[in-house]
Amino acid sequence: NINNPFVKVLSYLLSYIRIFILIYNEKPILIHVQWLRLHIFDYIFYLSIKHLFKLKLVYTAHNLLPLNHGMRYRWIFNKIYKLFDSIIVHSKKTKQEMLSLFHICEGKVYINHHGILRMEYNKVAYKIKSDNYQSKYSLSDKIVFTSLGEQSYYKAIDLIVDVWSSTPELYNNNNIKLLIVGKHKGIDFHQLDNISNVLVEDRKIPNEEFIFLLRHTDVYLLPYRTISQSGALFTALAEHVPVLVSDAGGLSEPLSIAKVGWKIKSNDYEDLKKQLLYLSQNIKEIKEVKKNEQNWNKVCKEYEWRVISLRMAFIYECTLSH
């Protein structure tokens, strides 16, 4: 990972030079873009190559706007979305949000699911370190609620902190445990100090530890304020870990296929509190959801990459025919 901002920008610009050379040499008829970082520069680059090489552009909007303070970028994304010939989003709800936020043609917005994500990790290192992880976290005989990875405002981590620290039925319950492990991004965790059934760690965790914690989780917490779709959700689904998700974007769509978790309203303190209390008092239901292989297989089949790739080929064909 590159930490120096100047080096990051330089690396990004060098990547675009390489992309330009590839386009010049290979003469593609269509380019599919997955991520944008320097939005004004991105717009100028793709506007230029579209006219220079007379090619079609497809963009996957993993999120409609940057996740932190996104509305300030609405003007440039309005230009970006008009520039691209086809736009892919991950859910019906996100498509509706896109059409209400931006003045673009509905016919060029396609829905294609995010796929199940299986995290790569070193299996030998995992096996060696598992006993150490088990000893460190002491998760035996506990119902574990977990939030892993970057801990940010848009993920509503502050609501988890507020609910847990102000609810005696949660922080005094020795049968449950809350794990918040990952880099902190502007969240104050002091309210959780000295609460015995909570562990908070501010650090980037290796994949082996991430997988260990995920596999020892009973309910994975994803109460996002805003999101289109979440890779963390599909990593949890791949490991058959029940989820508590908000109704932001397409997060709750898997729950409409089969019961693999529970849903709350986005950015709603009371609803999050109500559901956490319910789950802490209904451990049998959590275990039943976790063990229901039929439901897990049904959901994972719906989000197979094979199906997604067929849909993608169809979108490419439609883009080229317009």
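Residue numbers start at 1 and run along the sequence shown.
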When you compare the side chain of L139 with that of L179, does any pair of heavy atoms fall below 4.5 Å?
yes

L55 and L83: same hydrophobic cluster, using ILVMFWY side-chain contacts below 4.5 Å?
yes

Between M98 and V109, does a side chain to side chain contact (heavy atoms under 4.5 Å, CB included) hold up when you go through it step by step?
CA-CA 9 Å; M98 172 172 275; V109 183; 3.9 Å; yes

Decide yes or no for I19 and I23: does some side-chain heavy atom of the first lie under 4.5 Å from some side-chain heavy atom of the second?
yes

So for atom CD, which belongs to E120, do other residues, nucleotides or ligands contribute more than 12 heavy atoms lying within a distance under 6.0 Å?
no

Give the C-alpha distance, both sets of side-chain angles, the deciding distance and a yes or no for ring pair (Phe, Tyr, Trp, His ring centres under 6.0 Å) between F77 and H39.
CA-CA 8 Å; F77 272 86; H39 305 116; 4.9 Å; yes

Per the side-chain contact (heavy atoms from CB on, under 4.5 Å) rule, which among V243, L244, L233, L237 passes with Y220?
V243

Are F314 and V307 joined in one hydrophobic group, where the rule is that I, L, V, M, F, W and Y side chains link up if heavy atoms are under 4.5 Å apart?
no

Audit row: D42, Y12, side-chain hydrogen bond (donor to acceptor under 3.5 Å, both in side chains) steps and yes/no
CA-CA 10 Å; D42 295 324; Y12 196 69; 2.7 Å; yes

Taken to the nearest 0.5 Å, the spacing of Y16 OH from L22 CG works out to 13.5 Å

Should R225 and D158 count as an ion pair when the cut-off is N to O under 4.0 Å?
yes

Verify whether one side chain among Y59 and Q34 offers a donor that lies under 3.5 Å from an acceptor in the other.
no

Just checking K56: does its NZ atom have more than 12 heavy atoms from other residues, nucleotides or ligands closer to it than 6.0 angstrom?
yes

Side chains of Q151 and S147: is there a donor and an acceptor less than 3.5 Å apart?
yes

Walk me through whether K290 and D218 qualify under salt bridge (Lys or Arg N to Asp or Glu O under 4.0 Å).
CA-CA 7 Å; K290 198 169 188 178; D218 296 290; 3.2 Å; yes

Name the orientation class of the two ring planes belonging to W164 and F145 (parallel below 30°, tilted from 30 to 60°, perpendicular beyond 60°).
perpendicular

Students often mix this up, so state it plainly: with edges at 30° and 60°, are the rings of F20 and F45 parallel, tilted or perpendicular?
perpendicular

Tell me the closest heavy-atom pair linking L222 and S230, and the distance in Å.
CD2-OG, 4.5 Å

Would you say K142 and N175 make side-chain contact, with heavy atoms under 4.5 Å?
no

Please examine the side chains of H184 and E150, heavy atoms only from C-beta on, and report whether any two atoms are closer than 4.5 Å.
no

Going from CG on L276 to CG on L221, what distance comes out if it is rounded to the nearest 0.5 angstrom?
6.0 Å

Hey, could you give me the NZ/CG distance between K263 and D247, rounded to the nearest 0.5 Å?
6.0 Å

So Y269 and D162, do their side chains get closer than 4.5 Å, heavy atoms only?
yes

Cationic N near anionic O, under 4.0 Å, E169 to K273:
no

Distance-only, no hydrogens or angles: does the N63 side chain make a donor-acceptor pair with backbone N or O of P66 under 3.5 Å?
no

Quick one: are V181 and L213 in side-chain contact, heavy atoms under 4.5 Å?
yes

Quick one: does NZ or CZ of K82 land under 6.0 Å from the six-membered ring centre of F84, within 45 degrees of the ring axis?
no

Within 45° of the axis and under 6.0 Å from the centre of the six-membered ring of Y121, does NZ or CZ of K123 qualify?
yes

Is it the case that over 12 heavy atoms from other parts of the model lie below 6.0 angstrom from the NZ atom of K127?
no

Is it true that the side chains of H62 and H90 contain a donor and an acceptor less than 3.5 Å apart?
yes

How does the hydrophobic cluster around I128 look, that is, which other residues are in it when side-chain heavy atoms under 4.5 Å mark a link?
V124

Is it the case that atom CD1 in I29 sees more than 12 heavy atoms from other parts of the structure closer than 6.0 Å?
no

Check the pair L277, L170 against side chain to side chain contact (heavy atoms under 4.5 Å, CB included), reporting the backbone distance first and the verdict last.
CA-CA 7 Å; L277 283 171; L170 292 174; 4.1 Å; yes

Mind telling me whether Y133 and F212 have parallel, tilted or perpendicular rings, with 30° and 60° as the class edges?
tilted

For E239 and R215, run salt bridge (Lys or Arg N to Asp or Glu O under 4.0 Å): C-alpha distance rounded to whole Å, both residues' side-chain angles, the deciding distance at 0.1 Å, then the answer.
CA-CA 7 Å; E239 295 294 333; R215 289 176 177 173; 2.9 Å; yes

Between F53 and I31, is a side chain to side chain contact (heavy atoms under 4.5 Å, CB included) present by the stated rule, with each step listed?
CA-CA 11 Å; F53 297 102; I31 292 177; over 6 Å; no

Between K259 and E285, does the salt bridge (Lys or Arg N to Asp or Glu O under 4.0 Å) criterion hold? Intermediate values first, please.
CA-CA 11 Å; K259 185 170 182 179; E285 182 177 330; 2.7 Å; yes

For the residue pair N267 / Y224, report whether a side-chain donor-acceptor contact shorter than 3.5 Å exists.
no

Using a 6.0 Å cut-off, check whether atom NZ of K136 has over 12 heavy atoms from anything other than its own residue.
yes

Rounded at 0.5 Å granularity, tell me how far SG in C300 sits from CD in E293.
9.0 Å

When you measure from the side chain of S135 to the backbone of D131, do you find a donor-acceptor pair of N or O atoms at a distance under 3.5 Å?
no

Out of curiosity, does W35 fall in the hydrophobic cluster containing L64 (side-chain heavy atoms, cut-off under 4.5 Å, transitive links)?
no

pair K79-L47: side-chain heavy atoms closer than 4.5 Å
no

What residue pairs, at least two apart or across chains, pass side-chain hydrogen bond (donor to acceptor under 3.5 Å, both in side chains) with a residue in residues 306-322?
H32-Y316, S86-T319

Interatomic spacing from OG in S138 to NE2 in H216 - rounded to 0.5 Å:
11.5 Å

Can you tell me how far the OG1 atom of T146 sits from the CD1 atom of I180, to the nearest 0.5 Å?
9.5 Å

S48 and Y43: side-chain hydrogen bond (donor to acceptor under 3.5 Å, both in side chains), yes or no, with the steps?
CA-CA 8 Å; S48 301; Y43 173 73; over 6 Å; no

Take atom CG in D141; do more than 12 heavy atoms of anything else shown fall under 6.0 Å from it?
no

Greater than 12 external heavy atoms within 6.0 Å of N25's CG
yes

Evaluate the side-chain proximity of I176 to N173: yes if any heavy-atom separation is below 4.5 Å, no if none is.
yes

Kindly indicate, with the supporting measurements, whether the criterion salt bridge (Lys or Arg N to Asp or Glu O under 4.0 Å) is fulfilled by R203 and E209.
CA-CA 12 Å; R203 62 185 175 86; E209 191 170 2; 2.6 Å; yes

State whether the number of non-hydrogen atoms from other residues, nucleotides or ligands found under 6.0 Å of N194 atom CG is greater than 12.
no

Worked verdict on T94 versus Q229 for side chain to side chain contact (heavy atoms under 4.5 Å, CB included):
CA-CA 9 Å; T94 304; Q229 196 48 277; over 6 Å; no

